[in-house]
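Reading through the structure tokens given below for one structure.
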Amino acid sequence: YNTSEYCEEYPRDEGWMKMYTKAARSAIRNTMTSNPMVLEIGTGMYAHMMTMVDKLMKQSKIEHTAIAIESNMSASGEAASRAAMIMEKLGGHLIKGHSTDGKTIKETTDIMNGSEPDIAISETIGDIFSSGRYPYTYSKALDDELIGISTISIPAEGATMWRPANSAN
């Protein structure tokens with residue numbers, strides 16, 4: 001991606017954002033801890049998902065810890081830099097790197113201080129589910145203990161549909 005491929009405008013509460021908002025509200029409602037930890041893997045340049053979760057938490061008067069990971073390769077590092085500024089405004093932390101990289105995992109788990117996130121978000125918006133590598137990202141995050149078995153994940157499920165084409169003609 002380059003900077004022109006990111007949408008700075010906050011998405012309206014319709015389409016995919018409506019579904020993510022609904023899932024986030026449900027996750028927040030089902031989180032029983034007093035200071036839930038939210039981890040977003042892949043914020044994109046403008047951290048729209050974490051901003052939405054932060055807004056919902058504040059509306060519910062819930063203090064929370066926000067942690068995010070963004071590649072320092074996207075948009076030549078500009079995505080992670082801008083996301084870091086947004087995370088700072090939200091009072092959170094942004095780790096620049098890949099969620100599957102050992103250094104990034106260590107930085108993230110150090111911030112989590114032995115806890116697992118209550119909610120994990122991975123933004124696969126506008127992408128084919130599997131081409132965004134979400135199944136691998138989720139599985140690796142679970143193996144590397146970035147998330148735990150009780151972490152509520154958004155999305156919780158997904159599918160990539162393939163339909164064979166008849167090209168014999």
Side-chain angles (χ1 to χ4, degrees), residues 6 8-14 16-72 74 79-125 132-158:
Y6 285 92
E8 184 172 2
E9 182 181 316
Y10 186 80
R12 294 184 304 251
D13 194 19
E14 56 189 43
W16 58 263
M17 193 61 166
K18 182 177 183 177
M19 298 310 294
Y20 270 91
T21 303
K22 182 178 177 183
R25 276 193 182 107
S26 176
I28 291 165
R29 197 172 35 253
N30 291 314
T31 300
M32 298 299 179
T33 58
S34 60
N35 183 0
M37 183 186 310
V38 182
L39 172 67
E40 181 173 7
I41 299 174
T43 61
M45 188 176 290
Y46 298 107
H48 292 308
M49 299 299 298
M50 187 61 85
T51 300
M52 176 265 296
V53 169
D54 183 75
K55 179 181 170 184
L56 292 173
M57 291 278 196
K58 286 178 179 169
Q59 286 173 349
S60 298
K61 296 180 179 23
I62 299 173
E63 293 291 323
H64 62 286
T65 302
I67 303 169
I69 301 169
E70 176 57 38
S71 167
N72 51 10
S74 299
S81 294
R82 289 192 188 181
M85 288 187 289
I86 292 166
M87 289 299 294
E88 187 176 328
K89 287 179 185 174
L90 298 177
H93 307 274
L94 183 107
I95 297 90
K96 294 180 181 180
H98 290 278
S99 66
T100 58
D101 176 69
K103 182 177 178 278
T104 304
I105 293 164
K106 175 152 182 21
E107 285 182 51
T108 306
T109 54
D110 285 351
I111 291 169
M112 294 190 316
N113 197 27
S115 298
E116 65 183 42
D118 298 283
I119 300 171
I121 307 165
S122 186
E123 190 171 345
T124 56
I125 297 164
R133 296 180 53 108
Y134 180 72
Y136 173 74
T137 300
Y138 178 83
S139 173
K140 188 83 167 98
L142 195 55
D143 288 346
D144 293 333
E145 298 178 354
L146 284 176
I147 61 174
I149 57 171
S150 62
T151 301
I152 300 169
S153 295
I154 303 170
E157 60 184 341

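Source: prediction; values computed, not measured.
- Side-chain contact check for P36 versus T65: every heavy-atom pair is 4.5 Å or farther apart.
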(request) Determine, stepwise, if the pair D54 / H64 fulfils side chain to side chain donor-acceptor pair (under 3.5 Å). (result) CA-CA 8 Å; D54 183 75; H64 62 286; 3.0 Å; yes
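- When atom types are taken as modelled, the side chain of D144 and the backbone of L146 share no donor-acceptor pair closer than 3.5 angstrom.
- In this structure, the side chain of T151 engages the main chain of P117 through a donor-acceptor pair within 3.5 Å.
- Side-chain contact between L94 and E70 is present, with heavy atoms from C-beta onward closer than 4.5 Å.
- Under the 3.5 Å distance criterion, the side-chain polar atoms of D118 are left unmatched by any main-chain donor or acceptor of T31.
- Although no hydrogens or angles enter the test, the distance criterion places no donor-acceptor pair under 3.5 Å between the side chain of S26 and the main chain of A23.
- Judged by distance alone, the side chain of T43 and the main-chain N or O of A83 form no donor-acceptor pair under 3.5 Å.
- Side chain of E40 to backbone of A68: no donor-acceptor contact under 3.5 angstrom is found.
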(message) Quick one, V53 with Y20, criterion side chain to side chain contact (heavy atoms under 4.5 Å, CB included). Give me CA distance, side-chain angles, the key distance, then yes/no.
(response) CA-CA 9 Å; V53 169; Y20 270 91; over 6 Å; no
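- Side chains of T100 and Y136 form a contact here, defined as non-hydrogen atoms less than 4.5 Å apart.
- Residues E116 and S150 are in side-chain contact: their nearest non-hydrogen atoms beyond the backbone lie under 4.5 Å apart.
- At a threshold of 4.5 Å between non-hydrogen side-chain atoms, the residues R82 and M85 count as touching.
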